[in-house]
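Ligands are counted one by one from 1 in listed order, and the atoms in each one are counted from 1 as well.
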Amino acid sequence: MCGIVSYVGSMEAGPFLVETLENLAYRGYDSAGIAVVNSSGELVIEKAPGKLEELEKLLANNMPTGTMGVGHTRWATHGVPTYINAHPHMDCSGNIVVIQNGIIENYLPLKEKLIAEGHQFVSQTDTEVLAHLVEKHYQGDLKEAVKKALVEVQGSFALVFMHKDERYLVAARMNAPLIIGLGYGENYIASDIPALLSKTNKFYILNNGDIVKVAEDIIEVDTFVDGPPISASNRHISIVDWTVEETSKKGYQYYMLKEITEQPRVVHNTTKGRLSPKGDVKLDLAVTDEHLRRAKRIHLVACGTAYHACIYGKYILEEMLGLPVAADIASEFRYRKPVVHPRDLVVLVSQSGETADTLASLDTARELGATSLAITNVQGSSIARHSDSVLYTYAGPEIAVASTKAFIAQLTVLLLLGLYLSDIRGVSSKIDRKQLIKGLNRLPSDIDSLLARQEEFKGLADQILDDEHCYFLGRNLDEPIAREGALKLKEISYIHAEAYAAGELKHGTIALVEDGTPVVAIMTQESVIEKTLSNVQEVRARQARVFGLVCEGTQGIEEHCTSTIYLPRSHRMVMPIMATVPLQLLAYYAALGRGCDVDQPRNLAKSVTVE
Ligand code: AGP
């Protein structure tokens, strides 16, 4: 997704904008640009297609001077990545610039109307329409012109406008994240919190419909949608406890490896204060226990990796609670007319808390009268703020596009949720609770022991580096982990990888298995291991190479596998969390070996804030 940064204060804007765009680069982009009002009051725009290095080369000897400016990294939606399509975009007068994240759904009719009124366009983007629309409404007050323009706009947007003759910025948001960083004698605007942590830990997190006038010493929060005016006083200032250090690479080549190695601490931080040494679980939920006791059904909804956590959640919550639990892909849930009863609990899982489809599913759940619970990693994110209750994962900022530590934290929170709900619903005896608690308490050190074996997992990656396809098999609780392993591998190494419920393979996909095809078989669930082993033998009969993941002490596997990975033995509901770590490292080292950009894989964004 696009990255937005803006500054107004007494410092040179240019260098700050470029440095902050580097902090936003992980969001994924294909061009970048800045605009600064220089000391002569002129608007200077510099932009370049490609990586930030291209823009930095351009600015090396001609960084515009000036203390108010906007910067943008563009993830192309309308129009190919070129100089012309890069942001910031300007109006005809050359006095107004705009940067935007999102999609203006009605940009074509607006553009046609503006052209008919004499406006000259230069780019193929939807964003440029905004610059001309504000120009049309501008009568000496930028904020008022933006308010009028946005009434005509449909779609999702986080945007910042600047006028060369007015000493303030105008920010607005609708279904795309945008935050205001509060400084001293200066203020900042950005797409997300990590980008500004070097400057401040105080933020206004904008709501849909907010329009904000940001000067160096005032912030005026208003609304551009119908409704009573809003004052900054009733906007909660979020104080974020993340540190700059947490958002740095700390010497790792890639954020992804740093975040994989943080997982023991993440599990500890996510259970801390929630799981007592003797196994009591306490969750501070904003919904009452009575309400949770009445729930007759649970819906888990998410996208991508978070959806895989939902499938895991379905298995464990159904077993722990004896309730029907559905796991839904958010982009399907929101359009499927789901059957949701007002007494149901809808759990939305999202690392960023800003994923458009998951956010829309939250709206669907609320419209249907259900209780909503967010499991998210970003304090104050949209999903956190608009859900009835939130359970944070304490994974710290996750910068790499490929989600790793947040996934482990999501699985951990779902286990805690299952334990908590089984306690308040009086069904704790359904599972071997003590063993599960013991496994959870031991999980950080078990993950540590896996991290010490990276060379072993790198060796596995070396065996598939030149393969075009790879299949992941799992049954029961291992099935969502197979999905996660496949997603990790394909999204960063670009090896085509697919996951299958092991029993499903012979219903078609085994036709693709041929001599040397790599198959990763996850077999941590003792109750179904024999069944999966049969599937392993079926693919071995077609000369596949099989990499088996099993609990240490499991017999009779090695003769069926090309390589066997033994995992520390733990509770069956904890084993899938354990099995995830080698698969993350397999993907990491495969991507590394193939020379891929591990943190910013092509075409992907960290937070998909558009449909
Ligand atoms: C996973 O590695 C991907 N980055 C992607 O599938 C991600 O999990 C998905 O976009 C959901 O993001 P969220 O958790 O922030 O909602």
Side-chain angles (χ1 to χ4, degrees), residues 1 26-28 75 175-177 191-194 254-257 259-260 263 266 300-313 327-334 347-362 372-387 390-393 395-411 413-414 472 480-481 483-494 497 499 580-581 583-588 590-591 596-611:
M1 289 302 98
Y26 73 90
R27 296 168 64 88
W75 187 79
N175 295 331
S191 306
D192 62 24
I193 289 168
Y254 288 106
Y255 279 107
M256 184 178 177
L257 185 57
E259 290 158 6
I260 289 171
Q263 292 180 132
V266 163
L300 303 169
V301 186
C303 300
T305 285
Y307 169 62
H308 300 154
C310 291
I311 301 173
Y312 169 84
D328 267 292
I329 291 172
S331 55
E332 291 300 312
F333 181 83
R334 66 181 290 194
V347 181
L348 302 117
V349 184
S350 174
Q351 188 284 130
S352 63
E354 299 295 348
T355 299
D357 286 318
T358 312
L359 207 45
S361 298
L362 168 57
S372 55
L373 168 63
I375 295 179
T376 186
N377 195 43
V378 178
Q379 296 172 42
S381 60
S382 299
I383 288 177
R385 284 181 291 126
H386 298 124
S387 294
V390 57
L391 268 179
Y392 282 112
T393 52
E398 186 177 74
I399 307 295
V401 166
S403 187
T404 51
K405 60 178 183 173
F407 178 65
I408 295 295
Q410 289 161 1
L411 301 185
V413 163
L414 284 163
F472 290 74
I481 307 309
R483 289 173 186 249
E484 179 57 13
L487 178 60
K488 287 285 98 48
L489 183 65
K490 65 182 148 185
E491 71 173 326
I492 63 172
S493 75
Y494 313 144
T580 303
V581 177
L583 301 181
Q584 293 168 340
L585 290 166
L586 172 68
Y588 174 79
C596 299
D597 184 340
V598 175
D599 283 340
Q600 297 169 30
R602 66 188 181 203
N603 307 338
L604 294 179
K606 182 58 183 172
S607 175
V608 184
T609 57
V610 293
E611 275 198 63

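- Close approach to Thr305 involves these atoms of ligand 1, each under 4.0 Å from a residue heavy atom: 1 (C), 2 (O), 6 (O), 8 (O).
- With no hydrogens or angles considered, a side-chain donor-acceptor pair links Glu398 and Ser403 at under 3.5 Å.
- Scored by the side-chain contact (heavy atoms from CB on, under 4.5 Å) test, Cys596 finds Tyr494, Ala591, Arg594 as partners (sequence neighbours excluded).
- Judged by distance alone, the side chains of Thr393 and Lys405 never bring a donor and an acceptor atom under 3.5 Å apart.
- Between the side chains of Ser382 and Glu354, at least one donor-acceptor pair of N or O atoms lies under 3.5 Å.
- Here the CD1 atom belonging to Ile408 is positioned 8.5 Å from the CD atom belonging to Glu484, to the nearest 0.5 angstrom.
- Atoms of ligand 1 found under 4.0 Å from any heavy atom of Val401 (numbered from 1 in listed order, with element): 2 (O), 3 (C), 4 (N).
- Applying the side-chain contact (heavy atoms from CB on, under 4.5 Å) rule to Ala384 yields the partners Thr376, Ser381, Val390, Tyr392; only residues at least two apart in sequence or on another chain are considered.
- Applying the 4.0 Å criterion to heavy atoms of Ser403 picks out, from ligand 1, the atoms 1 (C), 2 (O).
- Among the atoms of Glu491, some N or O lies under 3.5 angstrom from an N or O of ligand 1.
- In this structure, Ser607 has no heavy atom closer than 4.0 Å to ligand 1.
- Of all atoms in ligand 1, listed by their number and element, those nearer than 4.0 Å to a heavy atom of Ala402 are 2 (O).
- For atom 9 (C) of ligand 1, the nearest protein heavy atom (residue, atom name, distance) is Cys303 O, 3.8 Å.
- Looking from atom 12 (O) of ligand 1 to the surrounding protein, the closest heavy atom is Thr355 OG1, 3.5 Å.
- With hydrogens left out, the protein atom closest to atom 10 (O) of ligand 1 is Val608 CG2, 4.0 Å, a heavy atom.
- Going from atom CD1 of Ile375 over to atom CG of Leu300 covers 7.5 Å, rounded to the nearest 0.5 Å.
- Just one residue in the list Gln351, Lys488, Glu491 forms a side chain to side chain donor-acceptor pair (under 3.5 Å) with Thr305, and that residue is Lys488.
- Considering backbone and side-chain atoms together, Gln351 places an N or O closer than 3.5 Å to an N or O of ligand 1.
- Residue contact check for ligand 1: Lys488 places a non-hydrogen atom closer than 4.0 Å to it.
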